[in-house]
Amino acid sequence: MTDLMDIAAVARLTGITSRALRFYEGRGLVAPLRTASGRRLFGRDELARLHRIITLKRAGFSLSQIEGLLNDRPVDLAPLLRAQIAVLDEQAQGLAQARAHLATALSRIDRGEPLDAATLCSLIRTGDIDMDQAKWKNVTDLYISAQAEADFADVQGALPTDFDQAAYGAQWADLTARIADALPLDPASAQAGAFYDEWQALLAPFMAVATPAMTQGLTLLYDNIGEWQAEQTPPFSADIWAFIKAVGQARQAG
DNA sequence: TTTCTCACA
DNA sequence: TGTGAGAA
């Protein structure tokens with residue numbers, strides 16, 4: 001029962017590649033025995049140690065952190081665990097966002113609305129505006145004043161901690177997609193009015209924190225969609241913006 | 001098949 | 001934090 005295993009057997013057993021096993025040995029994490037010809041042999045103790053390494057790695061610890069833990073070096077665990085919890089929190093947030101995107105997509109299917117791959121992607125993309133933030137800046141610089149930019153930054157910082165920007169973006173994507181499907185539509189119609197009410201309701205959390213410079217900047221930005229839509233894809237089309245403004249005017253007239 | 005080393009992402 | 005290639 002000396003049960004010594006060669007590297008291939010250990011790789012099969014643990015799912016760690018033989019390459020990685022040699023790498024771990026090189027870092028001093030494991031120290032298998034050697035045959036006379038130099039081949040590695042893993043005994044029971046090495047295997048147990050390896051399983052600990054795998055467990056700690058799954059928990060997200062780095063190899064050097066694992067090295068410290070396994071070698072009983074005095075490791076200050078508190079900051080390590082705090083950092084690890086922060087990483088998990090971040091992952092949880094990412095998962096929650098992904099879930100929100102999919103839930104929005106599912107709700108559309110439940111309403112019997114068609115959802116092709118392109119629409120699904122645009123719903124999901126609404127969540128990660130960072131991707132082309134730089135390009136957006138070229139556009140926004142043209143229409144949004146420095147004061148408004150600063151106001152936006154302040155508002156971002158002052159958002160309630162439980163405000164889910166991804167879900168909010170997804171709600172906008174959902175509403176504008178439904179309006180796009182319904183156009184052309186008589187601005188004085190009941191359906192147009194319903195869309196307008198939805199629009200205002202969705203806008204409410206923004207209006208609650210927006211400064212006049214911000215609303216002016218955004219209005220100017222969307223009044224001029226034609227100027228920049230070639231360079232940067234707008235969240236919704238000029239048609240939708242014109243439609244919403246028309247419904248607003250119809251409301252005031254009537 | 002395994003070993004080691006060097007380069008690479 | 002590993003992987004891939006090449007030579008032994």
Show, in sequence, the C-alpha distance, side-chain angles and deciding distance for A/L50 and A/L13, and conclude whether the side chain to side chain contact (heavy atoms under 4.5 Å, CB included) test is met. CA-CA 11 Å; A/L50 198 50; A/L13 184 73; over 6 Å; no

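A/Y24 meets the side chain to side chain donor-acceptor pair (under 3.5 Å) test with no other residue; sequence neighbours excluded. Evaluation of the ring-ring contact (aromatic ring centres under 6.0 Å, His included) rule for A/W241 yields A/Y222 as partners, not counting sequence neighbours. Take A/D45 and apply the salt bridge (Lys or Arg N to Asp or Glu O under 4.0 Å) test, not counting sequence neighbours, and it matches no residue. Applying the side chain to side chain donor-acceptor pair (under 3.5 Å) rule to A/R178 yields the partners A/D174, A/E198; only residues at least two apart in sequence or on another chain are considered. Remark: A/Q216 engages no residue in a side chain to side chain donor-acceptor pair (under 3.5 Å) (not counting sequence neighbours). For A/N71, the side chain to side chain donor-acceptor pair (under 3.5 Å) test picks out A/R49, with sequence neighbours left out.
Residues from residues 21-40 of chain A placing a heavy atom under 4.0 Å of any atom in DNA chain C, listed by number, are A/F23, A/Y24, A/R27. Taken residue by residue, residues 49-59 of chain A places no heavy atom nearer than 4.0 Å to DNA chain B.
Among the protein residues, A/S62 comes within range of the sugar-phosphate backbone only, with heavy atoms under 4.0 Å from sugar or phosphate atoms but none that close to a base.
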Donor-acceptor contacts under 3.5 Å from residues 184-195 of chain A side chains, at least two apart:
residue	atom	partner	partner atom	Å
A/D186	OD1	A/A188	N	2.9
A/S189	OG	A/D186	O	2.7
A/S189	OG	A/A192	N	3.2

Using a 3.5 Å cut-off and no angle test, enumerate the donor-acceptor pairs between side-chain atoms of residues 54-64 of chain A and protein atoms at least two apart in sequence or in another chain.
residue	atom	partner	partner atom	Å
A/T55	OG1	A/H51	O	2.9
A/S62	OG	A/S64	OG	3.3
A/S62	OG	A/Q65	N	3.2
A/S62	OG	A/Q65	OE1	3.4

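The six-membered or imidazole ring of A/W199 lies near that of A/F236, with a centre-to-centre distance under 6.0 Å.
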Polar pairs (N or O, both sides) under 3.5 Å between protein and nucleotides 4-8 of chain C?
residue	atom	partner	partner atom	Å
C/dG4	O6	A/R19	NH2	2.5

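Contact footprint of chain A on DNA chain B: nucleotides with an atom under 4.0 Å from a non-hydrogen protein atom, first to last in 5' to 3' order, B/dT1 to B/dC6.
Between A/D3 atom CG and A/L47 atom CG the span is 8.0 Å, to the nearest 0.5 Å.
Using a 4.0 Å cut-off between charged side-chain N and carboxylate O, A/E25 and A/R34 make a salt bridge.
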